[in-house]
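All chains are named by letter (A, B, ...) in the order of the sequence lines, taking the proteins before the strands, and each is independently numbered beginning at 1. Remember, it's a predicted structure, so these values are computed and weren't measured experimentally.
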Amino acid sequence: MTKEKKLLLMDGHSLAFRAFYGLASQIGNMKNREGLHTNALYGFHNMVEAKIKEIQPSHALVAFDAGKTTFRNEFFEDYKGGRDTMPAELSEQMPYFRELLEGLGISYYELENYEADDIIGTLAKEAEEQGFETIIMTGDRDLAQLVGEHTQVDFTKKGGFDAITPEYLEESYGLSPEQVPDYLGLKGDPSDNIPGVKGIGEKRAQSLLDQFGSLDVLYERLDELKPSKMKENLIEQEETARLSRKLATIDRTSPIQVSIDDLEYPGKDLEKLVSFYKEMDFDSHLLNLNLSGLDIEEEEEVPYQWVTDISEDMLKNQQAVYGEMLADNYHRAAIECVAWGDSEQVYVTSIDIARESETFKAWAEDDSIEKYSFDAKAAIVSFLRRGIVLNNVSFDIHLASYLLSASDHSDSVADVANGHNYRGIAMDELIYGKGKKTAVPEPVEKMHQHVASKVKAIYELTAQLNKELIENGQEDLLKSIELPLAKVLAKMEVRGITVDAAQLEELQTQFQKILDHLEQEIHEKAGEEFNVNSPKQLGVILFEKMGYPVIRKTKTGYSTAQDVLDKLQRQAPIVDDILKYRQISKIQSTYVTGLLAEIAEDGRIHTRFLQTVARTGRLSSVAPNLQNIPIRTEEGRQIRKAFTANHEGWKIFASDYSQIELRVMAHISRDEHMTAAFKAGEDIHSATAARIFDLEDTDSVTPNMRRDAKTINFGIIYGMSDYGLSESLGITRKAAQEFIDIYFERYPGIKNYMDDIKREAKDKGYVETLFHRRRYLPDINARNFNQRTFAERTAINTPIQGSAADIIKMAMIEMETHLKKEGLQAEMLLQVHDELIFEVPSDEITQLNALVKDVMENIVDLDVPLEIESHYGDNWYDTED
DNA sequence: TAAGGGGACG
DNA sequence: CAGACGTCCCCTTAG
């Protein structure tokens, strides 16, 4: 049997554009070592590779537009006029597409005077005649006119492709393929500067074609239309309409010099592809090839010495130190080997030799000896758990690269190195494998070699990144905040928090009964058994079987999210049960079962606070996340009863900042009215309500007014639009806009801040917090509305959320210092963004209460006071004043 | 194994 | 057109 005849045709420029904008946020960090941007090449490569894998074509071609002008310009000069020129970051990538395609083994073609569309249209026609199945990949909607029984057009969309078939076209637009040019002729196409008929958009074009079938028939029978403005336009602009159609019609008989036989797809040319990947620094692709058997490994061979006896002359001031672990949870992971050194010399040993060496331990602990690291906290924790105290870690290339750009998610030495033009470190996956197959390599020297190269890289990158930090004015942020914090967090993590398993198990039984009952109830009301946890099955039950109105769709089906179900609550008695089931089921799986599984042998939970994840500078918490323990519902809040103090007679003590983000905003914006309200000690939401509702004083503020003011205050911090506010207040968009206008009028300083910070982001390309934490916003000047407005909201929010994060981080460092200095036994356990949680002996409560207030409220001097509230109790649930 | 939906927190 | 910032985790489903 002959191979299936399948032709894949791709629209080169259109896909390149999509790839470029799809990865627009990566522009900043996707460059090869020569500084060439690579995001479009990367995205295009992935798109094409995925499609090839999916459809397994026998023939393939990428068509490109040849030049600026085509035959269409001969009869319409302005065709594609007014188009923005291609961004420089993209045009510099264009010459390399050919190289990439040669590596992928795909033919490419362009034809003077014609567009890629015409090449594709002509070949698709030929293919149809020869009995091929054709798939066309493009981002350009015009190509819909090519669909047919054996020709499918796949349009790019977020995260994949939409397959357009004649049936789809009929269903979604009510059009046949032949009607597409007529449709575009009527409504026009702004992206190609095709004018169309004035006043006719999508809807009218559709209904006209529905009625008359084609543009020609429409003009023959124009008198059937009732007199209207639209009819006048049609008459007046007949010539434009016909011209527009002509422009939108793909030429399926273009004089191409290739035929389908030339397009046979032979598969990848690995040699060419590898050299392309190397040129572009596509390390992950290289890695994939390697795992499938190709040897391209090129790690620099750093000389190292394996030691079994550690002597003093090996240990100096200002060396890099690193413990290798193959799993990310350093509380549990084994340390496979320990290494230290500098550019000249690297030593490698085992963790057992290191921990038994008094010489090594003394060096590690010596506060006058500086050590450089990758991930200081991981090193401190993993060493501490083995009796080695690691002091004076004076640099951390992981933290440094995060501070230089908070969006940089490098989380290995190789990543940081690659991101800073330092080559020669193999990716860990290459040495250790990935997923289930992760293991120490044979022979073990391969690992020692790898770790030695990391140590050298840490040492050398320390100098380089330190320089970059100084240039950015961020040296202090590392030295005075992040590095000291790493040590504080390390202690908190190792300490852990005591969780009462028996208590959780009791909850588990209770919740299970409720869940069983609710499930039964739901099945009864639905009239059949199904998995309530499956949004897909639930959607079918609610919207097909039971026929309730569809409120919103997701990309895969019906949305059954909470706010959707809320809207059905009145008419659908089943949704109460579903909502309750969801709520309890969440608590049961994530917080009861989930937390039980995380309790260590010491009866405590040891989370990890991630210091380099959140792009605003906040911490995050994983394995488990202890920053989202339920509090908003009573059932959920019960979980907190299981978090207790470790000793009899001790208490859990919690202090939280009141409105720290709004206070920070008042300070940054210098808005006089908001500042005054905080200074006067007013309830800020009431003060806002009084201001925007024109009240004499806060006494006449009703609870509803306060609630609305609170919504607006929060919305402002997030850069909310009129639409967003109207949704959350349940008012019209117009009313919401009026609210916002009044708000800005009454708080002009805040309005100025919003404008200034956006301006600044556009000029500099980044925003900063009060303490110089930096976040780049590559999309701030994007042409795409969503990307740009998202970047603008981020510009507004990041300095606020990020400065608040800076402040509590400083307070944590200070608290740890003071607890020690004042000889308190109390210990800090957790941070939840604006809140610190301690355990404390009862007789220290008064002292702790005073200390925490002093530290947290005075850690920085803003234009407004900082205030905290503190509570304590036997567990995290019972924290009364 | 990865992606999407959904939901917990500040 | 979509549509309030920042996280992490569980479950189901598709590959």
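The line from CG of A/Asn628 to CG of A/Leu626 is 8.5 Å long, rounded to the nearest 0.5 Å.
Residue A/Phe785 has its side chain nearest to C/dA2 when only C/dC10, C/dA2, B/dG7 are considered. Ranking C/dC5, B/dG7, C/dC8 by closeness to the A/Gln801 side chain, first place goes to C/dC5. Nearest to the side chain of A/Thr616, among C/dG6, B/dG10, B/dG5, sits C/dG6. In this structure, the nucleotide among C/dT13, C/dC10, B/dC9 sitting nearest to the side chain of A/Ile631 is B/dC9. Between B/dG6, B/dA8, C/dC5, one nucleotide has an atom nearer to the side chain of A/Thr794 than all others, and that is C/dC5. For A/Lys436, the listed nucleotide lying nearest its side chain is B/dT1; candidates were B/dC9, B/dT1, C/dG6. Of the candidates B/dG4, C/dC8, C/dC10, C/dC8 carries the atom nearest the A/Ser620 side chain, counting heavy atoms from C-beta on. In the set B/dG5, B/dC9, C/dC5, B/dC9 carries the atom at the smallest distance from any side-chain atom of A/Asn628. Considering only the side chain of A/Asn786, C/dA2 comes nearest among C/dA2, B/dA8, C/dC8. The side chain of A/Ser589 has C/dC11 as its nearest neighbour among C/dG6, C/dC11, B/dG7.
At the phosphate of B/dA8, neither OP1 nor OP2 sits under 4.0 Å from any side-chain N or O atom of A/Asn625. OP1 or OP2 of B/dG6 lies within a sub-4.0 Å distance of a side-chain N or O belonging to A/Ser559. Distances shorter than 4.0 Å separate none of the side-chain N or O atoms of A/Ser621 from OP1 or OP2 on C/dT7. The side chain of A/Arg632 contributes an N or O atom lying less than 4.0 Å from OP1 or OP2 of B/dC9. In terms of phosphate contacts, A/Lys555 brings no side-chain nitrogen or oxygen within less than 4.0 Å of OP1 or OP2 of B/dA3. Look at A/Arg793 and you'll find a side-chain N or O under 4.0 angstrom from OP1 or OP2 of C/dC5. Taking 4.0 angstrom as the limit, A/Arg615 places a side-chain polar atom (N or O) nearer than this to OP1 or OP2 of C/dT7.
A salt bridge does not link A/Asp576 to A/Lys580: none of the charged side-chain nitrogens sits closer than 4.0 Å to a carboxylate oxygen. Taking the charged nitrogens against the carboxylate oxygens, A/Glu482 and A/Arg773 do have a contact shorter than 4.0 Å, which makes a salt bridge. For the pair A/Arg618 and A/Glu661, the salt-bridge criterion is met [side-chain N within less than 4.0 Å of a carboxylate O].
Note: CD1 (A/Ile629) to P (B/dG7) measures 18 Å, nearest angstrom. Look at CD on A/Gln787: it is 13 Å from P on C/dG3, rounded to the nearest Å. Distance CZ (A/Phe609) to P (C/dT7): 16 Å, rounded to an integer number of Å. Rounded to whole Å, the distance from CD1 on A/Ile796 to C1' on C/dG6 is 15 Å. As rounded to whole Å, 15 Å separates atom C1' of C/dT13 from atom CG of A/Leu538. Following rounding to the nearest Å, A/Ile587 (CD1) and B/dG6 (C1') show an atom-to-atom distance of 14 Å. Taking atom CD on A/Gln659 and atom C1' on B/dG10, their separation rounds to 12 Å, with Å as the unit. Taking atom CG on A/Leu662 and atom P on B/dG10, their separation rounds to 15 Å, with Å as the unit.
In this structure, the side chain of A/Ser14 engages the main chain of A/Gly139 through a donor-acceptor pair within 3.5 Å. Listed for the A/His398 side chain is a donor-acceptor partner under 3.5 Å among the backbone atoms of A/Ser410. Checking side-chain atoms of A/Thr607 against main-chain N and O of A/Pro624 turns up a donor-acceptor pair under 3.5 Å. Side-chain atoms of A/Tyr776 do not come within 3.5 Å of backbone N or O of A/Asp408 as any donor-acceptor pair.
Backbone-only engagement by A/Ala623 is indicated by non-hydrogen atom pairs under 4.0 Å involving sugar-phosphate atoms exclusively. When heavy atoms are screened at a 4.0 angstrom cut-off, A/Thr798 is found touching no nucleic acid atom at all. Looking at heavy-atom distances under 4.0 Å, A/Thr711 makes contact with a base. Residue-level contact check: A/Thr789 touches neither bases nor backbone, having no heavy atom under 4.0 Å from any strand. At the heavy-atom level, A/Asp656 lies nowhere under 4.0 Å from the strands shown. Residue contacts for A/Phe790: at a heavy-atom cut-off of 4.0 Å it reaches the sugar-phosphate backbone alone, with no base atom in range. A/Gln537 comes within 4.0 angstrom of sugar-phosphate atoms only, judged by non-hydrogen atoms across all strands, and of no base. Heavy atoms of A/Glu835 sit nowhere under 4.0 angstrom from any nucleic acid atom.
You won't find any donor-acceptor pair under 3.5 Å spanning the side chain of A/Arg582 and the base of B/dG6, going by distance alone.
Distance check on atom P: C/dA4 versus B/dA3 gives 25 Å, rounded to whole Å. Using P as the reference atom, B/dG7 and C/dC1 are 27 Å apart when rounded to the nearest Å.
Residues passing the ring-ring contact (aromatic ring centres under 6.0 Å, His included) test with A/Tyr743 are A/Tyr747, sequence neighbours excluded.
Sorted by first and then second residue, the pairs that involve residues 790-804 of chain A and meet salt bridge (Lys or Arg N to Asp or Glu O under 4.0 Å), not counting sequence neighbours, are A/Lys762-A/Glu792.
Within residues 715-734 of chain A, the residues approached by DNA chain C to less than 4.0 Å at the level of any non-hydrogen atom are A/Gly715, A/Tyr718, A/Met720, A/Tyr723, A/Gly724, A/Ser728, A/Arg733, in residue-number order.
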